[in-house]
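Each remark here refers to the structure printed beneath this line.
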Amino acid sequence: MRIGELAARAGTTTRALRYYESRGLLPARRGGNGYRTYDEDDLRALRQIRTLQDFGFDLEETRPFVDCLRAGHPEGDSCPASVAVYRSKVAELDALIGELTAVRETVGAQLARAERAMETLAAEAHEPRCELTDEE
């Protein structure tokens with residue numbers, strides 16, 4: 001298939017495909033007419049890349065999965081290098097979850113303090129002063 005068909009079938013743009021090609025993730029095969037040509041294996045690799053990127057993997061992290069597919073494995077994550085990337089990503093996510101949990105606790109404490117301060121001010125408040133007439 002040609003680049004436009006591959007892009008349409010994968011739900012991406014020809015520009016993205018050219019970029020993946022420049023990064024070595026898609027082959028740079030050309031037909032006799034000079035057009036780029038792709039096959040179903042390229043579509044599988046592209047779908048693997050897109051799925052991983054949807055999960056937050058950067059483009060370089062997808063390389064072991066693509067290499068695994070290209071080596072003939074039915075799944076891109078059935079190779080040791082792919083499993084290593086998964087492990088690294090899980091560790092990264094665990095760290096982010098820890099950081100977000102700490103931030104949430106801090107913001108929650110600030111909210112509780114602010115609500116207590118508002119309640120204290122409301123309980124101590126006098127009649128509001130009318131600024132337009134300077135009446136108290």
Side-chain angles (χ1 to χ4, degrees):
M1 71 188 93
R2 293 196 3 208
I3 193 168
E5 182 183 351
L6 179 63
R9 288 183 64 188
T12 191
T13 65
T14 58
R15 182 177 180 190
L17 297 183
R18 287 185 196 97
Y19 179 69
Y20 297 155
E21 181 183 305
S22 75
R23 299 298 306 258
L25 292 168
L26 283 177
R29 292 185 306 266
R30 301 271 181 173
N33 57 7
Y35 293 126
R36 289 173 171 87
T37 61
Y38 300 95
D39 58 24
E40 292 298 319
D41 289 340
D42 299 321
L43 180 59
R44 275 189 7 186
L46 183 56
R47 286 182 174 154
Q48 181 80 73
I49 292 167
R50 306 270 302 157
T51 298
L52 291 168
Q53 285 192 304
D54 287 347
F55 291 155
F57 288 67
D58 67 37
L59 191 57
E60 196 54 37
E61 288 173 320
T62 69
R63 187 174 302 281
F65 297 86
V66 172
D67 292 345
C68 189
L69 286 172
R70 297 245 182 263
H73 294 271
E75 301 294 328
D77 59 3
S78 60
C79 294
S82 302
V83 171
V85 172
Y86 274 152
R87 283 190 183 115
S88 175
K89 184 57 74 174
V90 167
E92 179 184 321
L93 291 170
D94 287 343
L96 287 171
I97 289 168
E99 290 172 22
L100 288 172
T101 299
V103 169
R104 189 197 184 290
E105 289 171 2
T106 300
V107 171
Q110 290 294 97
L111 171 62
R113 183 205 50 79
E115 288 173 336
R116 285 190 305 274
M118 251 178 33
E119 290 170 5
T120 300
L121 288 173
E124 295 173 353
H126 304 289
E127 282 293 312
R129 181 177 172 186
C130 180
E131 294 180 18
L132 295 176
T133 60
D134 288 329
E135 294 177 15
E136 290 190 41

Determine whether [X] and [Y] fall in the same hydrophobic cluster, where Ile, Leu, Val, Met, Phe, Trp and Tyr are linked whenever their side-chain heavy atoms lie under 4.5 Å apart.
| X | Y | answer |
| --- | --- | --- |
| Tyr19 | Leu6 | yes |
| Leu52 | Leu96 | no |
| Leu93 | Phe55 | no |
| Val85 | Leu25 | no |

Side-chain contact, heavy-atom cut-off 4.5 Å: Thr37 with Arg30?
no
Which residues satisfy the side chain to side chain donor-acceptor pair (under 3.5 Å) test with [X], sequence neighbours excluded?
| X | result |
| --- | --- |
| Gln53 | Tyr20 |
| Arg29 | Asp42 |
| Glu92 | Lys89 |

Pairs touching residues 21-48 that satisfy ring-ring contact (aromatic ring centres under 6.0 Å, His included), sequence neighbours left out:
none
Tell me whether [X] contacts the main-chain N or O of [Y] through its side chain, where contact means a donor paired with an acceptor under 3.5 Å.
| X | Y | value |
| --- | --- | --- |
| Thr14 | Gly4 | no |
| Arg87 | Ser82 | no |
| Ser78 | Pro74 | no |

From [X] atom [atom1] to [Y] atom [atom2], the distance as rounded to the nearest 0.5 Å:
| X | Y | atom1 | atom2 | answer |
| --- | --- | --- | --- | --- |
| Leu69 | Leu46 | CG | CG | 11.0 Å |
| Glu40 | Met1 | CD | CE | 4.5 Å |
| Thr62 | Gln48 | OG1 | CD | 8.5 Å |
| Arg47 | Thr51 | CZ | OG1 | 9.0 Å |
| Leu121 | Met118 | CG | CE | 9.0 Å |
| Ile49 | Asp54 | CD1 | CG | 12.0 Å |

Search all heavy atoms of Pro27 against all heavy atoms of Arg70 and return the closest pair with its distance.
CD-NH2, 3.2 Å
Ring pair (Phe, Tyr, Trp, His ring centres under 6.0 Å) filter on Tyr86, not counting sequence neighbours, yields Phe65
Electrostatic pair Arg18:Glu21 at N-O distance under 4.0 angstrom:
no
Basic-acidic side-chain contact under 4.0 Å: Glu75, Arg44
no
Would you say that more than 12 heavy atoms from the other residues, nucleotides or ligands in this model lie under 6.0 Å from the CZ of Arg15, or not?
no
What salt bridge (charged side-chain N to carboxylate O under 4.0 Å, His left out) pairs are there with at least one residue in residues 99-117, not counting sequence neighbours?
none
